[in-house]
Protein chains: 2
Amino acid sequence: MQRMTRQRAAVSDALEDLDDFRSAQQLHEILRRRGDNVGLATVYRTLQSLADGGDVDVLRTEEGENLYRRCERREHHHHLVCRVCGRTVEIDGPTVEAWANQVGTSHGFVDIQHTIELFGTCAGCADAASAQD
Amino acid sequence: MQRMTRQRAAVSDALEDLDDFRSAQQLHEILRRRGDNVGLATVYRTLQSLADGGDVDVLRTEEGENLYRRCERREHHHHLVCRVCGRTVEIDGPTVEAWANQVGTSHGFVDIQHTIELFGTCAGCADAASAQD
DNA sequence: GCCTTCTTGAGAATGGATGTCAAAACCGTT
DNA sequence: AACGGTTTTGACATCCATTCTCAAGAAGGC
């Protein structure tokens, strides 16, 4: 049975305060700065169990690092992430879900699962970039 | 300038003969079996440069391993992959492309890029599984 | 064939993630 | 409030895909 520990609470709280996707290592560092000392392995384990329970979402970066985020909605959804500042918008796309299933079944596949993530540069970051020129 | 070497040709040929996504390590092993000895580092380098040139597609597995495949079409497309046997169907979804861009711009994001992969169990593998029960 | 430049390969290094296991913490029970 | 079975922790080792290093080996223009 899952027990409530100081460490799990700390990781959960930290995620609550953050808005963007963070890596296990970043969270570990953030907790250390706060004075909440939590072992790195524990941060990894906690994030994994939170992800398994659907309490946080996982995003895999181009570099193969896992990023975690507590989302507004627990239901299935996707993300539009700013590649510069990490700002994240939650997206739910009934259109895509339907498309994915339809494409899958039309090829005789069952138990269709999809991975969809959108990346872009948000308005703020695009402005900042053009101001530099 | 890019030179043509025995190793690059070997990797390219091996990909030509295969239909499913393979990892660098698998390709390295396949080449070794054939007698085409190519260093592992070279396989990695070659696959990376082929991917950069758009000659092969890359797929990231759940476990964080990169898989490579020479595709029929060089244009942008997605994949429907059987999670059991790896059989792969190329998908082009003008619907999704449009959706992705529209969602992105409606939130003020520019330079929208998307990652879409579909996984499922193909008809053959689903039959095999049900026959086992 | 020569020579410059690019490529190769064996092994070391990297880095995120997971395994190990004794010590510490939970928490229902007494 | 102490007990005790069970879970969790944390420091460290380990794993494993990938990348780095750099001397030795090929490509290919001349």
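Sequence lines set the chain letters: A, B, ... in the order given, protein chains first and strands last, and positions in each chain run from 1.
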*Considering only NZ, NE, NH1 and NH2 on the basic side and carboxylate oxygens on the acidic side, decide whether A/Asp17 and A/Arg34 come within less than 4.0 Å.*
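Salt bridge flag = yes for A/Arg34 with A/Asp17.
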
*Does A/Glu65 come within less than 4.0 Å of A/Arg60, counting only side-chain N to carboxylate O?*
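So A/Glu65 does not pair with A/Arg60 through a salt bridge.
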
*Does A/Tyr68 or B/Gln2 map to a spot on DNA chain C nearer the 5' end, using the closest nucleotide for each?*
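Nearer the 5' end of the strand: B/Gln2.
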
_For B/Asp57, run the side chain to side chain donor-acceptor pair (under 3.5 Å) check against B/Arg70, B/His78, B/Arg69, B/His77 and tell me which one passes._
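That would be B/His77; it is the only one of B/Arg70, B/His78, B/Arg69, B/His77 passing the side chain to side chain donor-acceptor pair (under 3.5 Å) with B/Asp57.
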
*Those residues that, when tested against A/Asp20, pass side chain to side chain contact (heavy atoms under 4.5 Å, CB included) (two or more places apart)*: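 Counting only residues at least two positions away or on another chain, A/Asp20 forms a side chain to side chain contact (heavy atoms under 4.5 Å, CB included) with A/Arg22.
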
Figure out the [atom1]/[atom2] separation between [X] and [N], and round it to whole Å.
| X | N | atom1 | atom2 | answer |
| --- | --- | --- | --- | --- |
| B/Arg8 | D/dG25 | CZ | P | 19 Å |
| B/Gln26 | D/dT18 | CD | P | 11 Å |
| B/Arg22 | D/dA17 | CZ | C1' | 18 Å |
| B/Leu47 | D/dT19 | CG | P | 10 Å |
| A/Leu40 | D/dT8 | CG | P | 18 Å |
| B/Arg60 | D/dC16 | CZ | P | 17 Å |

_With B/Glu29 via salt bridge (charged side-chain N to carboxylate O under 4.0 Å, His left out) - residues at least two apart_ =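 By the salt bridge (charged side-chain N to carboxylate O under 4.0 Å, His left out) rule, B/Glu29 matches B/Arg32, B/Arg33.
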
Quick one: is [X] getting a side-chain N or O under 4.0 Å of the [N] phosphate, OP1 or OP2?
| X | N | value |
| --- | --- | --- |
| B/Gln7 | D/dA26 | no |
| B/Tyr44 | D/dT19 | no |
| A/Thr5 | D/dT7 | no |

*Which of these nucleotides, D/dG10, D/dT19, D/dT18, is closest to any side-chain atom of B/Glu65?*
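Of all the options, the side chain of B/Glu65 is nearest to D/dT18.
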
*Does A/Thr121 reach the main-chain N or O of A/Cys125 with its side chain, forming a donor-acceptor pair under 3.5 Å?*
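No, because the side chain of A/Thr121 does not come within donor-acceptor range (under 3.5 Å) of the backbone of A/Cys125.
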
*Keeping to residues at least two apart or across chains, list the ring-ring contact (aromatic ring centres under 6.0 Å, His included) pairs with something in residues 84-108 of chain A.*
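Counting only pairs at least two positions apart or across chains, no ring-ring contact (aromatic ring centres under 6.0 Å, His included) contact touches residues 84-108 of chain A.
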
*For residues 2-60 of chain A, which residue pairs qualify under ring-ring contact (aromatic ring centres under 6.0 Å, His included), counting only residues two or more places apart or in two chains?*
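For residues 2-60 of chain A, and leaving out neighbouring residues, the ring-ring contact (aromatic ring centres under 6.0 Å, His included) pairs sorted by first residue read A/Phe21-A/His79.
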
*Specify the residue among B/Arg3 and A/Ala41 whose closest nucleotide of DNA chain D lies further upstream toward the 5′ end.*
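Whichever sits nearer the 5' end wins; that is A/Ala41.
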
_Let me check the geometry of the helix from C/dG1-D/dC30 to C/dT30-D/dA1. What is the bend angle between the axes at its two ends, five pairs each, to 10°?_
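Terminal axis comparison yields 30°.
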
*May I ask you to test the A/Phe109-B/Leu80 pair for a side-chain heavy-atom distance under 4.5 Å?*
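Sidechains of B/Leu80 and A/Phe109: in contact.
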
*What is the 5' to 3' range of DNA chain C, first to last nucleotide, that sits under 4.0 Å from any heavy atom of chain A?*
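In short, chain A contacts DNA chain C from C/dG16 to C/dC27.
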
*Under 4.0 Å between any heavy atoms, over every strand shown, what does A/Arg6 touch: base, sugar-phosphate, or nothing? Just pick one.*
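The answer is sugar-phosphate, as A/Arg6 gets under 4.0 Å only of primed atoms, P, OP1 or OP2.
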
